[in-house]
Amino acid sequence: MKLSRRTVLQGVGSLPFAIASLRTGAIAQTAPAATPSTEVPPILFVHGNGDYDALWMTTLWRMESNGIARERMMAINFTDPLARSDDKVEQAGRSSTEDQRRELTAAIAELKRRTGAPRVALVGSSRGGYAIRNVIKNGGVGDVSHAVLCGTPNHGVFATDDQPNNEFNGRGAFLRGLNEGESEVTPGIAFLTLRSDGLDKYAQPDGRFIGKPDTPTNVTAEGPELKGATNLVLGALDHREVAFHPRAFREIYKFIAGREPTRIAIVPEQSVRLSGLVTGTPGGVSTNRPVAGATVEIFRVDPDTGERKAGALHSSKTGSDGRWGPAQVEPSWSLEFVLAAPDAPTTHIYRSPFPRSSEVVHLRPARPLGPADKDAGAVVIMSRPRGYFGLPRDVVLFDGKEPADVKPGVPTDATATLRLPASEVGRNIVAQFGEERIVARVWPASEKRIAIAELTY
């Protein structure tokens, strides 16, 4: 029997209310009944392809704001987060499905050891859902209570007869193995999938979003759903937002805790302590491998001008573990992080205030200046790691205009770039997304410096 309901999700700030629909299979599972916060299982967050654990920072803050203890949560940072082109063939700086299964298995064991809990809840974004399903399918059933898969392409990004060993191929060996049987979930574990209503660039019928225009992918917007799971449609959210948006948080929390969250907003702490990891892109491949010998400086800046208010409030140099910090800041301060890493441009990263402490404020230097930048006196980048820019869906303004390099329609772009003449050096640039506003300063490209306005929300 097919069940359905309509759920009104709580909006955030001036965002409009969104309608979500629930789709359940014949043997759908439900989360446990409401329990005190201390009985909510420990939660392990799993990032997606090419990403890192820092993307879960706002979700961790929201969990903490609802009484989930910081020490009962963990986010894995896969060593090499990018998938191989062929899962069976080694590729420098990239990981196989088995690599990810092995690393996630170890992380589950560590969280169980740390908390003493018999089982943990797993929450995965995109490819992270593959690792979760792989662990459960291959011996991890007794360790997991809940599996929440956010935008995971469970039936492939494409489903064709070519590239049989590509893990994103719905007709490939890996996904066929995960999806075999009448039910696509494992009994005894509560499964939830979260997906977009048509705006996920990796759940599209036409291959233009994966470099194959006018080629059918044989995948639809329903691709992330699983037979036997609770399948929730979150509306007009993009591929990353179905994991990191406040609307996604509400459903993740409710499914694991068995009740509505007390609040969606992040509750600020009186004093904030920040630290993180410096990583790099060896050979042009994004990895989460630590970078030694990088210098991190932090400045408090004026939120309206981007100008520094004083000297550096923190300065440290990374060792072999790539860690920087800790730095003590106030929750109302706008910040500039200056990252100087070997063989990379000096990167000035401007950020909104951090309302709560975090150990996953990871920093990765900007890519080296390339041929497209040869005539630029300055380069400024607007970046949104936890979602894409959707036009006309979103308010997106970069230096007072909609970015020319953000494509309209299905959201596919998470960055926008301005290349300016040298005469513009020293002025400020406003990056605006929705209600978040960051002011960055323009630095000279001649000194191999790049500015990034990095959005948090």
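Numbers here simply count residues along the sequence, with the first being 1.
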Ignoring hydrogens and angles, tell me if any N or O in the side chain of [X] forms a donor-acceptor pair with the backbone of [Y] under 3.5 Å.
X	Y	value
Q163	N165	no
R393	A236	yes
R72	V40	yes
D238	T412	no
T347	P345	yes
N288	T79	no
S95	D80	yes
D413	F389	no

Query raised in the report: So W56 and F45, would you call those rings parallel, tilted or perpendicular, with 30° and 60° as cut-offs?
Result: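 Tilted: the ring planes of W56 and F45 meet at 30° to 60°.
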To check you understand the geometry: which heavy-atom pair defines the closest contact between [X] and [Y], and what is its length?
X	Y	answer
N77	E103	O-OE1, 4.1 Å
P41	R119	CB-O, 4.0 Å
R386	L55	NE-O, 3.0 Å
H155	G223	ND1-O, 2.8 Å
I108	L44	CG1-CD2, 3.7 Å
L237	S196	O-OG, 2.5 Å

For residues 330-338, which side-chain N or O atoms pair as donor and acceptor with protein atoms under 3.5 Å away, sequence neighbours left out?
from: E336; atom 1: OE1; to: R308; atom 2: NE; distance (Å): 2.9
from: E336; atom 1: OE2; to: R308; atom 2: NH2; distance (Å): 2.9
from: E336; atom 1: OE2; to: H348; atom 2: ND1; distance (Å): 2.8

Nearest 0.5 Å please: distance from the [atom1] atom of [X] over to the [atom2] atom of [Y].
X	Y	atom1	atom2	value
I132	L104	CD1	CG	6.5 Å
D51	F78	CG	CZ	11.0 Å
E64	E71	CD	CD	9.0 Å
N134	Q100	CG	CD	9.5 Å
F255	L232	CZ	CG	10.0 Å
F249	L60	CZ	CG	10.0 Å

side-chain hydrogen bond (donor to acceptor under 3.5 Å, both in side chains) with [X]: which residues, sequence neighbours excluded?
X	result
S65	none
S383	none
H239	S126, D200
S357	E269

* Sequence-distant partners of D99, salt bridge (charged side-chain N to carboxylate O under 4.0 Å, His left out), two or more places apart ->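 Testing D99 for salt bridge (charged side-chain N to carboxylate O under 4.0 Å, His left out), a comparison that skips the adjacent residues, returns R84, R102.
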Sequence neighbours left out, cut at 3.5 Å: what donor-acceptor pairs do the side chains of residues 273-286 make with other protein atoms?
from: S275; atom 1: OG; to: R323; atom 2: NH2; distance (Å): 3.3
from: T279; atom 1: OG1; to: R364; atom 2: NE; distance (Å): 3.1

Tell me if the [atom1] atom of [X] is crowded by more than 12 foreign heavy atoms within 6.0 Å.
X	atom1	result
K448	NZ	no
Y202	OH	no
K407	NZ	yes
Q204	CD	yes

* Classify the side-chain pair S271/Q328 by whether it contains a donor and acceptor separated by less than 3.5 Å. =>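 A donor-acceptor contact under 3.5 Å links the two side chains.
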### Message
Does either side chain, that of S352 or that of E436, offer a donor lying less than 3.5 Å from an acceptor on the other one?
### Response
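Yes - a donor-acceptor pair under 3.5 Å links their side chains.
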Distance-only donor-acceptor hits, side chain of residues 290-307, under 3.5 Å, sequence neighbours excluded:
from: D302; atom 1: OD1; to: D304; atom 2: N; distance (Å): 2.7
from: D302; atom 1: OD1; to: T305; atom 2: N; distance (Å): 3.4
from: T305; atom 1: OG1; to: E307; atom 2: N; distance (Å): 3.2

Practice item. Not counting sequence neighbours, list each pair that qualifies as a salt bridge (charged side-chain N to carboxylate O under 4.0 Å, His left out) and has a residue in residues 86-96. Key: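 Residue pairs passing salt bridge (charged side-chain N to carboxylate O under 4.0 Å, His left out), neighbours aside: none found.
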According to salt bridge (charged side-chain N to carboxylate O under 4.0 Å, His left out), does anything in residues 343-353 pair up with another residue at least two apart or in another chain? List the pairs.
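Only R351-E454 qualify under salt bridge (charged side-chain N to carboxylate O under 4.0 Å, His left out).
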Tell me the side-chain hydrogen bond (donor to acceptor under 3.5 Å, both in side chains) pairs involving residues 396-405, sequence neighbours left out?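 Listed by first then second residue: D399-R427.
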Cut-off 3.5 Å, no hydrogens considered: what does the side-chain donor-acceptor table look like for residues 366-382, sequence neighbours left out?
from: R367; atom 1: NH1; to: D373; atom 2: OD2; distance (Å): 3.1
from: D373; atom 1: OD1; to: R419; atom 2: NE; distance (Å): 2.6
from: D373; atom 1: OD1; to: R419; atom 2: NH2; distance (Å): 3.3
from: D373; atom 1: OD2; to: G370; atom 2: N; distance (Å): 2.9

TODO: Give the C-alpha distance, both sets of side-chain angles, the deciding distance and a yes or no for side-chain contact (heavy atoms from CB on, under 4.5 Å) between W61 and T456.
DONE: CA-CA 12 Å; W61 285 342; T456 297; 4.3 Å; yes
Item checked: Test applied, salt bridge (Lys or Arg N to Asp or Glu O under 4.0 Å); reference residue, E241; option that passes from R384, R195, K201 ->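 Testing each of R384, R195, K201 against E241, the sole residue satisfying salt bridge (Lys or Arg N to Asp or Glu O under 4.0 Å) is R384.
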| Less than 6.0 Å separating the ring centroids of Y130 and F168? |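 When the ring centroids of Y130 and F168 are compared, they turn out to be within the sub-6.0 Å range.
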Check V123, L192, I43 against I252 for a side chain to side chain contact (heavy atoms under 4.5 Å, CB included) and give me the one that passes.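 For I252, the side chain to side chain contact (heavy atoms under 4.5 Å, CB included) test succeeds with only one of V123, L192, I43, which is V123.
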Is the closest basic N to carboxylate O distance between R247 and E251 below 4.0 Å?
->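 Salt bridge between R247 and E251, a charged N being under 4.0 Å from a carboxylate O: no.
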